[in-house]
Amino acid sequence: MAVIHVEFAGGVELLFDNVKKLTIPLECVGGDTASKENKILTIKDLLQRLRQSYLKQRPELFLQGDSIKPGILVVINDCDWELMGGPDYALAPGDTVVFISTLHGG
Amino acid sequence: MSEISQITLLKNAELHHETYKAELSAEEIGRYARQLVLPNFGVKGQLAMRNAKFLVVGAGGLGCSACIHLSGSGAGKLTIVDHDRIEASNLHRQIMYTTADIGRFKAEVLVERCKNSNPLTLYPPEALCVALTTDNCLELVRAHDVILDCTDNVYARYLLNDACVLASRPLVSASALKFDGQLTVYNFRDSVCRRCLFPDPKILQAQSCDDNGVMGPVPGIMGALQAMEAIKVAAGLEVTFAGIKLHYDALTGSFYRIKLRPRNPLCPLCGAASVIRTLSDDHLGTNTCFSRQPEVPGNFLLDQDSRISSSDLATAFKSETVPNFLVDVRTPAEVQICGFRNSLNLPMDSLLDENARQTVRQKLYQKLQEIPGCSSVTVVCRRGNDSQMAVHLLRKILADVPVILKDLEGGLYGWKRDVDPNFPIY
């Protein structure tokens, strides 16, 4: 089964019940109907899926509207998502998406 | 053999016996021996280090580690800025300080340690025991070649970032919190500045080591990495973490190496149509590190009638005329350190979480039923900030229950100050 890997770091994991790694079947990212329609699934879809099925605490600390909360860097296969097309990046089987909080402590 | 060629031979022989050395003193050569023999660094790198001026802002866990490495490596000039004094709770990670240093200025002590470690630097290291502000930052940055961000708050980090872009200086930035550390070099050639990633500091929610904790080795590791990158900048080596961000998760032992976006042409600071041309609080927000932004609408500060002082609470404990129970809104880890017996732990996170409110309500109901005639609840936190916000939230959650909600003014800190000087604080 085609899956994607999702990781949380730098404190983002606290919003996901302290889970640092998830493996999500690609077809589940778009919800029930997506696989039938053969829809291209993007990071936007992933954010919605995470909000609906995985986000446990205070969604306002992870999302701002439909997009990611400023301060959280989205990393697709070790690259800043801005290099990959941002929220519209089309997810492919085996992709690793990491959400990392920017730290300011010292 | 002719006379002339004999003379030439003699001269050659004399020349052969002359010694030479690089433009370093014998002492310097002895001290820097182990890095001088490295072909990638060598004499050229050492001379570059001697001519380089480093500005380190923050003399905490990152700064301690970064500064001692920079001075040990022969940094020509090292200026350390920090207005804080050393506290006992710093010592587990701020490894250049000892118990005897508690109460002294960090920058002053760190400069002393750097001088002791290496008295050969071109200029003696300098301590500035002042806060970094919009007034002094740009001048300081301009007077140095390489800037190290070892600060601990969003305001100072953006202030330094803005100054480095305005003065065209590379900014070697590291951070540490809990079990995590990060490192990147901003504004070096084509690498991004902080605002290319997140333009507006005013909307960022930051956590501090004071409130959230940090493992000792993490800032040490990150500060050492920072010194290494700063040395590479100064010595003209390839700066690998320019445009690359490192994230270190000590708990799982993971290192993430992230390729960052290129400079953002729309960046309000370094972009083509930049709007930030000076250092100003308008672009930076307030120069205060709030532990948590108020989530409740309007002013979350309580009026005096809704607060109880430590001494009044101590009196109430003794008299027991009005049954009262305590709600402790600190994290479970903090509750294990110290607190009031028989208090109900409702962590702030659970009060702020809409989904957890039903559980919170049930726990409170249950507790109220256990204490017959209980009409008063006192909310406690570490310093008396969260408790005020918690009273606001609990008033909503318990809107239909006739109970008086107050908070302990000054939190556990206040209790120590006014009632029990032996009570521990952290």
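Letters A, B, ... are given to chains in the order of the sequence lines, protein chains preceding strands, and every chain is numbered from 1. Since we're looking at a predicted model, the values are computed, not measured.
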Heavy-atom distance under 4.5 Å to chain B: side chain of [X], backbone, both or neither?
| X | result |
| --- | --- |
| A:Ile72 | backbone |
| A:Thr102 | both |
| A:Lys20 | side chain |

A:Glu82 side, atom CD; B:Cys196 side, atom SG - distance, nearest 0.5 Å: 10.5 Å
A:Leu83 CG to B:Ile258 CD1 distance, which is reported to the nearest 0.5 Å: 11.5 Å
Mind ranking B:Pro199, B:Ala356, B:Ala176 by heavy-atom pairs under 4.5 Å with chain A and telling me who comes out on top? B:Ala176
Can you tell me which of B:Asp149, B:Asp210, B:Thr151, B:Ile203 forms the most heavy-atom pairs within a distance under 4.5 Å of chain A? B:Thr151
Show the nearest heavy-atom pair for residues [X] and [Y], with the distance to one decimal.
| X | Y | result |
| --- | --- | --- |
| A:Ala9 | B:Tyr256 | CB-CE1, 4.2 Å |
| B:Leu352 | A:Arg58 | CD1-NH1, 3.3 Å |
| B:Arg261 | A:Asp80 | NE-OD2, 2.6 Å |
| A:Gly106 | B:Cys209 | N-SG, 3.7 Å |
| B:Leu260 | A:Leu73 | CD2-CD2, 3.8 Å |

Donor-acceptor under 3.5 Å (B:Arg157 side chain, A:Gly105 main chain): yes
Under 4.5 Å from a heavy atom of chain A, the part of B:Asn355 involved: side chain
Given that the side chain runs from C-beta out, which part of B:Leu197 has a heavy atom under 4.5 Å from chain A: side chain, backbone, both or neither? side chain
If you tally heavy-atom pairs under 4.5 Å between each of A:Met84, A:Gln64, A:Glu7 and chain B, the highest tally belongs to A:Glu7
State, with a plain yes or no, whether a side-chain heavy atom of B:Leu204 is found less than 4.5 Å away from one of A:His104. yes
Taking side chain as C-beta onward, heavy atoms only, is B:Gln182 less than 4.5 Å from A:Ile100? yes
Counting only heavy atoms not in B:Asp190 (residues, nucleotides, ligands), do more than 12 fall under 6.0 Å from its CG? no
List the steps, then state whether side-chain contact (heavy atoms from CB on, under 4.5 Å) holds for B:Asp249 with A:Glu13. CA-CA 12 Å; B:Asp249 179 340; A:Glu13 68 276 12; 5.8 Å; no
